[in-house]
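This report concerns only the one structure given below.
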Amino acid sequence: MTAKQLGDLGYTGDDQVVPFSVEALDVRGRSVQLGPMLDRIIRRHAYPDAVSQLLAEAVVLTALLGSSLKFDGRFIVQTQTDGPVNLMVVDFATPGRMRAYARFDEDKLVETQAAGSSSTAVLLGQGVLALTIDQGRHTQRYQGVVPLDGTSLEEAARTYFRQSEQIPSEIRLGVARLVRSHDDGAPEEWRAGGMIAQFLPDAPERMPRADLPSGNDVFDKLAGAERDDSWEELVALMGTIETSELVDPTVGSERLLYRLFHQHGVRVFESAAVEDRCNCSREKIAGIISGFTDEEIETCIEDGRILVNCEFCSTGYDFDPSEFR
């Protein structure tokens, strides 16, 4: 993969993950803006706005993390909590196929909104955020789990990297609905954007940071090493990012990166596309049903048919029970 200076590249546009590096700060990361792909996922499910916004955040987070996979596999982000939005699942399959769905308690959601509280912390409640890497059959899954206890998805992701990867990481997520000024179909479009940056210096003595837990032998031995303020500067710069910059199609990932890091010099690399694409099929579902017992098949029959609806893409499948007897 060949890096080019920002001025040498055209803008990648929507639904593209843009890797970047800021060598002067020893920072590497990825930036993304999601447009039509995200809008199709959200509109397909027709969730209430509060649920849609939360799921859109999870989709952006998954795009940023899943696109880092260097092998064929899947990256799954899942929340399981006791709040109104009690389950979200976003599945990223290499090279860039994504699907997502959420479950929510309608009564709890109405009560929460009536009380005037719709923050991420309230909508999710108490529970866990699980990040799973699946390299396929014959390999063991790796899963990192962090608590969701009144924190945002951004903060939970930072906690994951501090505890599991011990890499200083900063993450920004933003979601909005763009209102079109001309009539070309739907008057609004769900959009989202995000950025992740990680401190990865070549010199190990620069790795110990105040935001990493103690107890790591390598870090503890180097605790007295001289440090610079590269990471603190990165966090301060990313703290200036507005949600509008993350989602505005006239800004784009490259222009936003230039705004943040032009004084240090930022390099962008070849982008990777992400698409709305489910991997369900009639054959796969038939294979699952074939593994059921006769009694289990009987419980699935409704009006003489077996009807299955994919929660990810909302595609319906209709089977004759005689196919499995």
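Just so we're clear, the structure is a prediction, and the values are computed from it rather than from any experiment. Positions are given from 1, in the same order as the sequence printed here.
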Nearest heavy atoms of [X] and [Y], plus distance in Å:
X      : Y      : value
Leu237 : Thr240 : O-OG1, 2.5 Å
Gly174 : Val247 : O-CG1, 3.6 Å
Ala63  : Val17  : O-CG2, 4.0 Å
Tyr317 : Cys280 : OH-SG, 3.1 Å
Ser271 : Pro19  : CA-CD, 4.2 Å
Thr79  : Leu129 : CG2-CD1, 3.8 Å

Does a side-chain heavy-atom distance below 4.5 Å link [X] with [Y]?
X      : Y      : result
Cys310 : Tyr101 : no
Phe324 : Ser290 : yes
Phe312 : Val89  : yes
Pro48  : Leu109 : yes
Tyr142 : Ser164 : yes
His45  : Val51  : no

Do any N or O atoms from the side chain of [X] and from the backbone of [Y] form a donor-acceptor pair under 3.5 angstrom?
X      : Y      : value
Arg191 : Gln33  : no
Thr94  : Gly73  : yes
Arg30  : Ile196 : no
Thr81  : Val85  : yes
Tyr47  : Ala102 : yes
Asp276 : Met37  : no
Arg28  : Leu200 : yes
Gln80  : Gly127 : no
Arg172 : Met238 : yes
Thr250 : Asp248 : no

How many angstroms lie between [atom1] in [X] and [atom2] in [Y], if you round to the nearest 0.5 Å?
X      : Y      : atom1 : atom2 : value
Glu57  : Leu55  : CD    : CG    : 10.0 Å
Leu54  : Leu124 : CG    : CG    : 4.5 Å
Asp39  : Arg177 : CG    : CZ    : 10.0 Å
Tyr160 : Ile167 : OH    : CD1   : 9.0 Å
Gln143 : Leu131 : CD    : CG    : 8.5 Å
Ser67  : Met98  : OG    : CE    : 9.0 Å

Exercise for the section: Apply the test side chain to side chain contact (heavy atoms under 4.5 Å, CB included) to residues Asp14 and Leu38: give CA-CA distance (whole Å), side-chain angles for both, the deciding distance (0.1 Å), then the verdict. Expected result: CA-CA 10 Å; Asp14 289 336; Leu38 175 71; over 6 Å; no

Handout entry: Crowding at CG, Asp72 (>12 non-hydrogen neighbours, <6.0 Å)
Key =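 No, the 6.0 Å shell around CG holds no more than 12 heavy atoms from other groups.
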
Practice task
Assign the ring pair Phe20 / Phe261 to parallel, tilted or perpendicular, where the plane angle (0 to 90°) is split at 30° and 60°.
Solution key: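 Rings of Phe20 and Phe261: parallel, as their planes differ by under 30°.
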
Practice task
Take the angle between the ring planes of His262 and Tyr258 and call it parallel below 30°, perpendicular above 60°, tilted in between.
Solution key: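 Aromatic pair His262/Tyr258 classed tilted.
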
Do [X] and [Y] belong together in a cluster built from hydrophobic side chains that touch within less than 4.5 Å?
X      : Y      : answer
Leu65  : Val145 : no
Ile76  : Val32  : yes
Phe104 : Val122 : no
Leu87  : Ile41  : yes

Practice task
For a side-chain hydrogen bond (donor to acceptor under 3.5 Å, both in side chains) with Asp91, tell me which candidate from Arg99, Gln78, Arg97 qualifies.
Solution key: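 That would be Arg99; it is the only one of Arg99, Gln78, Arg97 passing the side-chain hydrogen bond (donor to acceptor under 3.5 Å, both in side chains) with Asp91.
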
Exercise for the section: State which residues pass salt bridge (charged side-chain N to carboxylate O under 4.0 Å, His left out) with Glu275; sequence neighbours excluded, sorted by chain then number. Expected result: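 Glu275 satisfies salt bridge (charged side-chain N to carboxylate O under 4.0 Å, His left out) with Arg277 only.
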
Problem - Asp49 vs Trp190, side chain to side chain contact (heavy atoms under 4.5 Å, CB included): CA-CA, chis, key distance, verdict - result: CA-CA 10 Å; Asp49 284 355; Trp190 283 96; 3.9 Å; yes

Handout entry: Over-ring placement of Arg282 relative to Phe319, 6.0 Å and 45° cut-offs
Key =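 Verdict for Phe319: a cation-pi partner in Arg282.
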
Handout entry: salt_bridge(Glu155, Arg162) N-O dist < 4.0 Å
Key =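 Judged by the 4.0 Å cut-off on N to carboxylate O distance, Glu155 and Arg162 do form a salt bridge.
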
Problem - Lys108 vs Glu111, salt bridge (charged side-chain N to carboxylate O under 4.0 Å, His left out): CA-CA, chis, key distance, verdict - result: CA-CA 5 Å; Lys108 277 188 177 182; Glu111 291 175 6; over 6 Å; no

Handout entry: Candidates Asp320, Ile306, Leu307 - the one meeting side chain to side chain contact (heavy atoms under 4.5 Å, CB included) with Ile301
Key =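 When side chain to side chain contact (heavy atoms under 4.5 Å, CB included) is applied between Ile301 and each of Asp320, Ile306, Leu307, only Ile306 qualifies.
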
Exercise for the section: Would you sort out whether Phe199 and Val235 count as a side chain to side chain contact (heavy atoms under 4.5 Å, CB included), showing the intermediate values? Expected result: CA-CA 10 Å; Phe199 187 58; Val235 172; over 6 Å; no

Handout entry: Residues Glu170, Val27; criterion side chain to side chain contact (heavy atoms under 4.5 Å, CB included); working and verdict
Key = CA-CA 10 Å; Glu170 180 65 8; Val27 164; over 6 Å; no

